[in-house]
Amino acid sequence: MNDLMSGGIHRVWKDYFIRKMGPTSRTKLLDVAGGTGDISFRFLDYLKVQKSPPQEVYCDSIDDNDDISWEDSSEPHVVVCDINDNMLKVGRRRAKLLGYLTNISWKQGDAENLPFAEDVFDAYSIAFGIRNVIHIEKALDEAYRVLRPGGRFLCIEFSHVPNPALKWVYDNYSFQVIPPLGQVVAGDWKSYQYLVESIRKFPNQEDFKYMIENAGFRCVTYENLTFGVTAIHSGFKI
């Protein structure tokens with residue numbers, strides 16, 4: 001459905017998102033609402049093509065009593081955190097099938113109440129997930145809390161098309177095409193009707209930028225992709 005709805009461009013958006021993050025061989029990334037692994041796998045792929053690829057450190061899951069040794073390791077690591085355990089199961093299964101078995105962990109948790117200590121991660125990513133958080137401000141506060149000083153918040157989310165003519169085309173496509181397509185392909189009209197409605201209710205680029213700044217982040221910027229259909233927001237904990 002993602003490929004059909006976006007013509008496959010969602011893959012380009014996600015690839016660019018990781019390049020904009022620019023992780024290093026020491027980056028500890030928290031990927032929130034990332035149960036399927038799309039961003040995390042790209043993170044690991046990006047590091048593989050760097051001049052000094054990371055040593056492989058196996059870690060399949062994090063339990064409450066685990067010794068989370070990767071926190072002090074010099075190796076990169078990504079923790080996938082999702083509130084939906086079924087999504088995490090999908091991600092784990094995909095990881096095993098695709099060979100992503102090292103430098104990655106999986107943890108069930110709520111974006112509004114993350115199960116991690118303060119000042120743990122170098123980067124926080126959330127891709128097409130913050131729109132579904134009930135209290136966005138709480139999720140932003142939690143992102144700030146778990147990042148180390150100098151850490152970076154990065155979010156890619158559906159946004160608002162500012163050009164009136166393009167907005168008319170986009171709105172008609174969204175409401176007239178996507179729900180019927182969801183019914184035909186996935187047998188689910190309501191979920192895709194919710195999708196397009198939730199996009200319209202999400203704050204526009206400037207309003208969301210203000211919310212990120214209000215959470216304490218500095219040097220907050222955003223970049224529109226595909227005329228504002230999506231936007232990447234970035235901020236630093238300073």
Side-chain angles (χ1 to χ4, degrees), residues 17-18 20-35 37 39-40 42-44 46-47 54-55 57-85 87-88 91-92 102-157 203 208-222 232-238:
F17 182 68
I18 289 295
K20 192 172 182 70
M21 181 188 296
T24 71
S25 59
R26 285 176 169 266
T27 298
K28 305 297 189 294
L29 169 66
L30 175 63
D31 183 35
V32 176
I39 297 301
S40 299
R42 283 172 167 82
F43 168 83
L44 295 174
Y46 181 93
L47 293 173
Q55 296 179 8
V57 180
Y58 182 81
C59 188
D60 180 64
S61 63
I62 301 176
D63 296 319
D64 292 337
N65 296 322
D66 283 347
D67 177 15
I68 309 176
S69 59
W70 53 263
E71 287 187 20
D72 299 317
S73 169
S74 62
E75 296 302 316
H77 199 89
V78 55
V79 177
V80 184
C81 182
D82 201 298
I83 197 171
N84 190 325
D85 188 55
M87 295 296 287
L88 290 170
R92 281 193 176 101
T102 56
N103 304 92
I104 185 169
S105 304
W106 308 83
K107 178 71 175 179
Q108 186 174 11
D110 186 350
E112 296 182 22
N113 187 23
L114 292 170
F116 306 104
E118 297 180 3
D119 306 333
V120 176
F121 297 96
D122 302 300
Y124 172 113
S125 64
I126 184 165
F128 304 108
I130 202 163
R131 187 185 72 259
N132 298 316
V133 173
I134 296 174
H135 304 104
I136 296 174
E137 294 87 351
K138 288 185 179 179
L140 293 172
D141 288 342
E142 281 292 275
Y144 188 88
R145 182 183 67 80
V146 300
L147 281 170
R148 293 171 177 165
R152 189 178 188 186
F153 168 86
L154 277 164
C155 170
I156 183 170
E157 185 54 86
F208 189 45
K209 177 177 181 286
Y210 173 79
M211 292 173 70
I212 297 169
E213 290 173 334
N214 200 45
F217 290 100
R218 296 295 176 261
C219 304
V220 179
T221 60
Y222 65 84
I232 295 176
H233 281 78
S234 169
F236 293 86
K237 179 177 179 176
I238 300 175

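- Using a 4.5 Å heavy-atom cutoff, the side chains of Lys138 and Val133 are not in contact.
- One distance of note links CG of Asp110 with CD1 of Ile134; it measures 8.0 Å at 0.5 Å rounding.
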Which donor-acceptor pairs under 3.5 Å do side chains of residues 118-129 form with protein atoms, sequence neighbours excluded?
unit_1 : atom_1 : unit_2 : atom_2 : d
Asp119 : OD1    : Lys237 : NZ     : 2.8
Asp122 : OD1    : Arg148 : NH1    : 3.2
Asp122 : OD2    : Lys28  : N      : 2.8
Ser125 : OG     : Asp31  : OD1    : 2.8

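- Nearest heavy-atom pair, Cys81 versus Phe116, reported as atom, atom and distance to 0.1 Å: SG-CE1, 4.1 Å.
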| task | Apply the test side chain to side chain contact (heavy atoms under 4.5 Å, CB included) to residues Leu29 and Val79: give CA-CA distance (whole Å), side-chain angles for both, the deciding distance (0.1 Å), then the verdict. | result | CA-CA 6 Å; Leu29 169 66; Val79 177; over 6 Å; no
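- Using a 4.5 Å cut-off on side-chain heavy atoms (C-beta onward), Phe208 and Ile136 make contact.
- For the pair Phe153/Ser234, no side-chain contact is recorded, criterion being any heavy-atom separation below 4.5 Å from C-beta on.
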| task | Could you check Ser105 against His77 for side-chain hydrogen bond (donor to acceptor under 3.5 Å, both in side chains), going step by step and ending with a plain yes or no? | result | CA-CA 8 Å; Ser105 304; His77 199 89; 2.6 Å; yes
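- When all heavy atoms are compared, the tightest approach of Pro23 to Phe43 is CB-CE1, 3.4 Å.
- The OG1 atom of Thr221 lies 8.5 Å from the NE2 atom of His233; values are rounded to the nearest 0.5 Å.
- Between the OG1 atom in Thr24 and the CG atom in Leu47 there is a gap of 7.5 Å [rounded to 0.5 Å].
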| query | Can you check side chain to side chain contact (heavy atoms under 4.5 Å, CB included) on Val32 and Leu114, steps first, answer last? | reply | CA-CA 9 Å; Val32 176; Leu114 292 170; 4.3 Å; yes
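- No side-chain heavy atom of Cys155 sits less than 4.5 Å from a side-chain heavy atom of Tyr222.
- Side-chain contact check for Ile130 versus Leu140: some heavy-atom pair is nearer than 4.5 Å.
- Residues Leu44 and Val78 have side chains in contact (heavy-atom distance under 4.5 Å, counting atoms from C-beta outward).
- Rounding to the nearest 0.5 angstrom, the gap separating the CH2 atom in Trp106 from the CG atom in Leu88 is 7.0 Å.
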Let me check something: any side-chain donor-acceptor pairs from residues 210-218 under 3.5 Å, sequence neighbours excluded? List them with distances.
unit_1 : atom_1 : unit_2 : atom_2 : d
Glu213 : OE2    : Lys209 : NZ     : 3.0
Arg218 : NH1    : Glu213 : O      : 3.3
Arg218 : NH1    : Gly216 : O      : 3.4

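- Separating the CZ atom in Phe17 from the CZ atom in Arg42 is a distance of 11.0 Å, to the nearest 0.5 Å.
- Gln108 contributes no side-chain N or O that, together with a main-chain N or O of Asp82, makes up a donor-acceptor pair within less than 3.5 Å.
- Enclosure of atom CD1 in Ile238 by more than 12 non-hydrogen atoms of other residues, nucleotides or ligands within 6.0 angstrom is indicated.
- If you take NZ on Lys107 and CD1 on Ile83, they are separated by 13.0 Å, rounding to the nearest 0.5 Å.
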